[in-house]
Enquirer: 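Submitted below is the structure of interest, expressed as structure tokens.
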There are 2 protein chains.
Amino acid sequence: MGISKIDKMQNLSKNQQIIFDLINKSPEPLKAYTILFNVQKKGIKAPLQVYRALDKLVEIGKIHKIESRNAFIACHNSSCQVAKATAFSICEICEKVTEISSAGLSKYLANFKDKDGMKYSKYNLEFFGLCKKCR
Amino acid sequence: MGISKIDKMQNLSKNQQIIFDLINKSPEPLKAYTILFNVQKKGIKAPLQVYRALDKLVEIGKIHKIESRNAFIACHNSSCQVAKATAFSICEICEKVTEISSAGLSKYLANFKDKDGMKYSKYNLEFFGLCKKCR
DNA sequence: AACACTATGTAATAATATAACATTTATAAG
DNA sequence: CTTATAAATGTTATATTATTACATAGTGTT
Ligand SMILES: [Zn+2]
Ligand SMILES: [Zn+2]
Ligand SMILES: [Zn+2]
Ligand SMILES: [Zn+2]
């Protein structure tokens with residue numbers, strides 16, 4: 001009765017867990033060096049330790065990278081089934097970022113065909129505008 | 001009979017023109033320091049000169065930034081009316097990037113409402129997959 | 001034990017981007 | 001033409017983001 005693959009995917013390593021916890025409790029996307037600064041008291045001293053954990057967390061879908069901001073947020077789509085099909089809204093004033101989980105949007109994009117008839121299961125969409133508070 | 005705003009927008013400054021020409025004739029997205037290296041013979045010596053021209057060219061829609069690659073490509077949608085509503089396909093093997101101009105897609109995204117009923121006229125969408133050649 | 005795989009630690013460096021300040025050129029008005 | 005203003009340029013230094021390279025340690029399997 002060993003650890004199944006699914007269980008294993010949920011078990012983060014020490015550094016991964018420290019960094020995930022920080023991102024997960026943050027109300028806003030965090031940048032790599034902000035993360036580094038905030039976990040130094042926990043013994044993570046070098047950029048590479050942060051980037052390695054971030055890479056893994058992105059890969060398994062626990063966090064997403066906001067490409068236009070070089071920052072990272074935790075996934076809140078019930079541990080995202082769509083780690084590779086992401087959509088966000090970004091406020092251009094306060095920089096608030098919200099992950100969009102819309103079945104309609106996912107479906108539309110997953111079924112979208114380019115002019116060669118090609119479909120793409122992996123995508124990243126960033127919407128820009130003003131959030132409720134900033135309007 | 002002065003120069004109209006439209007004419008003006010088409011007149012790039014010296015540095016802008018040099019850098020646009022380079023990007024425009026490139027078959028693939030170019031990175032800022034690749035651009036810098038390639039325009040040094042034309043007298044552009046510093047990163048900032050490149051970044052300033054890039055900023056302006058992006059602003060007026062002559063080029064687009066591929067956020068996930070930190071690289072720039074020329075717009076080929078007849079001098080993009082949609083400088084702020086962009087979509088690309090990116091090959092994960094050969095890194096070929098193609099701008100997608102689909103009326104259906106633009107329309108869908110421009111009309112998309114998030115769960116607060118908010119619409120976004122500005123967005124960037126990056127699809128990932130394998131290009132024809134790499135499949 | 002032997003092996004493969006994943007994660008960690010550390011130092012150095014590469015790649016990407018901006019701040020600050022001085023000067024020049026282009027455009028518009030009076 | 002002159003003055004005012006905005007846009008663009010030139011230059012140096014520095015900030016920010018990310019990776020290479022190499023050594024070590026843990027984890028699970030056979
Ligand atoms: Zn998610
Ligand atoms: Zn806001
Ligand atoms: Zn375009
Ligand atoms: Zn390809």
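What you see is a predicted model; the values in this text were computed from it and never measured.
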Enquirer: Name all residues meeting the side-chain hydrogen bond (donor to acceptor under 3.5 Å, both in side chains) criterion together with A:Glu59; count only those two or more places apart in sequence or in a different chain, and write none if there are none.
Expert: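 If we apply the side-chain hydrogen bond (donor to acceptor under 3.5 Å, both in side chains) test to A:Glu59, skipping adjacent residues, there are no hits.
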
Enquirer: Sub-3.5 Å donor-acceptor pair from the side chain of B:Asn111 to the main-chain atoms of B:Lys107, do we have one?
Expert: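 Such a contact is found between B:Asn111 side chain and B:Lys107 backbone.
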
Enquirer: Take the protein atom CD1 of B:Ile18 and the nucleotide atom C1' of D:dA8, then report the distance between them rounded to whole Å.
Expert: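 Distance, rounded to whole Å: 13 Å.
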
Enquirer: Detail all sub-3.5 Å separations between protein N/O atoms and N/O atoms belonging to nucleotides 18-24 of chain C.
Expert:
none

Enquirer: Bend across the helix from C:dA1-D:dT30 to C:dG30-D:dC1, to 10°, with axes taken over 5 pairs at each end?
Expert: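 Answer rounded to 10°: the end axes differ by 40°.
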
Enquirer: Only counting residues at least two apart or in another chain, list the ones meeting side-chain hydrogen bond (donor to acceptor under 3.5 Å, both in side chains) with A:Thr98.
Expert: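 Residues passing side-chain hydrogen bond (donor to acceptor under 3.5 Å, both in side chains) with A:Thr98: none at all.
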
Enquirer: Which residues pass the side-chain contact (heavy atoms from CB on, under 4.5 Å) test with A:Glu28, not counting sequence neighbours?
Expert: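 If we apply the side-chain contact (heavy atoms from CB on, under 4.5 Å) test to A:Glu28, skipping adjacent residues, the hits are A:Ser26.
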
Enquirer: Tell me which donor-acceptor pairs under 3.5 Å the side chains of residues 43-51 of chain A have, and how far apart each pair is, sequence neighbours excluded?
Expert:
from, atom 1, to, atom 2, distance (Å)
A:Gln49, OE1, A:Lys45, N, 2.9
A:Gln49, OE1, A:Ala46, N, 2.9

Enquirer: Specify the separation, in whole Å, of atom CD of B:Gln17 and atom C1' of D:dT9.
Expert: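 Checked: the CD to C1' distance equals 16 Å.
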
Enquirer: Is there side-chain contact between A:Asn77 and A:Thr86, with heavy atoms separated by less than 4.5 Å?
Expert: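 No. Closest side-chain heavy atoms not under 4.5 Å.
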
Enquirer: Starting at CD1 of B:Ile19 and ending at C1' of D:dT9, how long is that distance when rounded to a whole Å?
Expert: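 It is 12 Å, rounded to the nearest whole Å.
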
Enquirer: Check this one for me: any side-chain N or O of B:Asn11 less than 4.0 Å away from OP1 or OP2 of C:dA26?
Expert: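 So the side chain of B:Asn11 is outside the cut-off, no N or O lying under 4.0 Å from OP1 or OP2 of C:dA26.
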
Enquirer: Distance check: side-chain N/O of A:Lys14 vs OP1/OP2 of D:dT27, anything under 4.0 Å?
Expert: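 No, outside the criterion.
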
Enquirer: Specify the separation, in whole Å, of atom CG of A:Leu54 and atom C1' of C:dT8.
Expert: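 Distance check: A:Leu54 CG to C:dT8 C1' gives 15 Å.
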
Enquirer: Any chance you could pull the hydrophobic cluster mates of B:Leu130, using side-chain heavy atoms under 4.5 angstrom and chaining through other members?
Expert: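 Noted: B:Leu130 shares its cluster with B:Ile93.
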
Enquirer: May I ask you to evaluate whether B:Lys31 reaches the phosphate of C:dT16, defined as a side-chain N or O under 4.0 Å from OP1 or OP2?
Expert: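 Yes, within the criterion.
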
Enquirer: Counting only side-chain nitrogens and oxygens, does B:Asn15 get under 4.0 Å of the OP1 or OP2 atom of D:dA7?
Expert: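 For D:dA7, neither OP1 nor OP2 has a side-chain N or O of B:Asn15 closer than 4.0 Å.
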
Enquirer: Looking at B:Asn70, does any N or O in its side chain come under 4.0 Å of the phosphate oxygens OP1/OP2 on D:dT17?
Expert: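 Negative; the distance criterion is not met.
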
Enquirer: Please state whether the phosphate of C:dT8, meaning OP1 or OP2, lies under 4.0 angstrom from any side-chain nitrogen or oxygen of A:Ser13.
Expert: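 True: A:Ser13 side-chain N/O within range (under 4.0 Å) of C:dT8 OP1/OP2.
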
Enquirer: Return the value, rounded to whole Å, for the distance between atom CD of B:Glu67 and atom P of C:dT16.
Expert: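 Taking CD of B:Glu67 and P of C:dT16, I get 13 Å after rounding.
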
Enquirer: Return the value, rounded to whole Å, for the distance between atom CG of B:Leu12 and atom P of C:dA26.
Expert: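 These atoms are roughly 14 Å apart.
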
Enquirer: Of all residues at least two apart in sequence or in a different chain, which pass the side-chain hydrogen bond (donor to acceptor under 3.5 Å, both in side chains) check with B:Ser68?
Expert: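 Residues passing side-chain hydrogen bond (donor to acceptor under 3.5 Å, both in side chains) with B:Ser68: B:Glu126.
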
Enquirer: If the cut-off is 4.0 Å, is B:Gln49 near the phosphate of D:dG10, judged by side-chain N/O to OP1 or OP2?
Expert: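 Result: yes.
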
Enquirer: Between A:Arg69 (CZ) and D:dT16 (C1'), how many Å, whole number?
Expert: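 Interatomic distance, CZ of A:Arg69 to C1' of D:dT16: 16 Å.
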
Enquirer: Would you say B:Lys56 places a side-chain N or O within less than 4.0 Å of OP1 or OP2 belonging to D:dA7?
Expert: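 No, no such contact exists.
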
Enquirer: Here's a test of your reading of the structure: between B:Ala46 and B:Gln16, which maps to the more 5' nucleotide of DNA chain D?
Expert: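 Whichever sits nearer the 5' end wins; that is B:Gln16.
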
Enquirer: Rounded to whole angstrom units, what separation is found between the NZ atom of A:Lys45 and the P atom of D:dT24?
Expert: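 Taking atom P of D:dT24 as the reference, NZ of A:Lys45 is at 17 Å.
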
Enquirer: Under 4.5 Å between any side-chain heavy atoms of B:Ile18 and B:Leu22, yes or no?
Expert: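 A side-chain contact under 4.5 Å is absent here.
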
Enquirer: Can you name the residues that form a side-chain hydrogen bond (donor to acceptor under 3.5 Å, both in side chains) with A:Lys65, not counting sequence neighbours?
Expert: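 For A:Lys65, no residue satisfies side-chain hydrogen bond (donor to acceptor under 3.5 Å, both in side chains) once neighbours in sequence are set aside.
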
